[in-house]
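Worksheet for the structure shown next.
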Amino acid sequence: MDIAAISAGDMQRRVEDYLAANPAVASTIVRVGTPILRGRAGRLTITRGPRISIPAIVAGRSLVELDDERIEQYAASGWVDLRLSNFERWQRRLTNAKPGDIERFGSAAFDATRYPGETFEPGDFVGWLFVNEADEQKIYGRRLF
């Protein structure tokens with residue numbers, strides 16, 4: 001199956017179906033301090049556990065502002081973002097990650113801006129993301145999803 005051919009809406013549905021069928025996964029995500037952000041019926045919902053790792057705790061403060069800008073910042077910094085807009089971003093990433101033809105053209109075909117494999121390998125794809133998006137997304141040392 002060509003993973004880039006899956007629509008963003010279908011990706012979202014599959015992930016939500018997986019989490020519904022495996023509640024221990026969602027429970028583990030929030031238990032370790034990572035909120036899950038969803039868009040439902042035009043409203044944002046956040047599923048969280050007893051503590052949140054992002055944003056980091058600031059000494060002397062127990063509350064953080066949660067406006068639209070900060071939600072986007074926190075979602076990009078490590079929340080599990082299950083909004084359709086995030087799946088659309090992943091769809092663009094998967095579509096833009098084209099493999100170079102190293103077998104045909106040899107090492108001259110190697111281009112760090114292209115995805116290196118013929119099949120989808122998560123580790124290779126993460127490497128591709130770091131090469132192509134780390135600077136613009138400021139994701140060094142941060143989670144990508």
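Arg43 and Thr45 share no side-chain donor-acceptor pair at under 3.5 Å.
From Glu88, atom CD reaches atom CD of Gln12 across 8.5 Å, with rounding to the nearest 0.5 Å. Considering CE of Met11 and CG of Leu84, their distance stands at 10.0 Å, rounded to 0.5 Å.
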Can you check side chain to side chain contact (heavy atoms under 4.5 Å, CB included) on Leu37 and Asn86, steps first, answer last? CA-CA 10 Å; Leu37 180 63; Asn86 190 45; over 6 Å; no

Is there a side chain to side chain contact (heavy atoms under 4.5 Å, CB included) between Ile71 and Leu66? Walk through the geometry before answering. CA-CA 6 Å; Ile71 288 172; Leu66 201 57; 3.8 Å; yes

Is there a side chain to side chain contact (heavy atoms under 4.5 Å, CB included) between Phe87 and Leu82 once you walk through the steps? CA-CA 7 Å; Phe87 287 95; Leu82 299 182; 3.9 Å; yes

For a side chain to side chain contact (heavy atoms under 4.5 Å, CB included) check, start with the C-alpha distance between Leu44 and Ile46, then their side-chain angles and the critical distance, and finish with the verdict. CA-CA 7 Å; Leu44 290 179; Ile46 298 171; 5.7 Å; no

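The side chain to side chain donor-acceptor pair (under 3.5 Å) search around Arg48 returns none, not counting sequence neighbours. Residues satisfying the salt bridge (Lys or Arg N to Asp or Glu O under 4.0 Å) criterion with Glu65, sequence neighbours excluded, are Arg70. Take Tyr74 and apply the ring pair (Phe, Tyr, Trp, His ring centres under 6.0 Å) test, not counting sequence neighbours, and it matches Trp79.
A salt bridge does not link Arg14 to Asp17: none of the charged side-chain nitrogens sits closer than 4.0 Å to a carboxylate oxygen.
In this structure, Thr47 and Val30 approach most closely via the heavy-atom pair O-CG1, 3.4 Å. Nearest approach of Ala20 to Pro23, heavy atoms of both residues: O-CD, 3.8 Å. Shortest non-hydrogen contact noted between Ile54 and Gly78 is CD1-CA, 3.6 Å. The shortest non-hydrogen separation linking Arg83 to Gly39 is CG-N, 3.7 Å. Of all heavy-atom pairs spanning Val32 and Ile29, the tightest one is CG2-O, 3.2 Å. Here the shortest heavy-atom pairing between Ile52 and Pro35 reads CG2-CG, 3.7 Å.
Under the 3.5 Å distance criterion, the side-chain polar atoms of Ser77 are matched with a main-chain donor or acceptor of Gln73.
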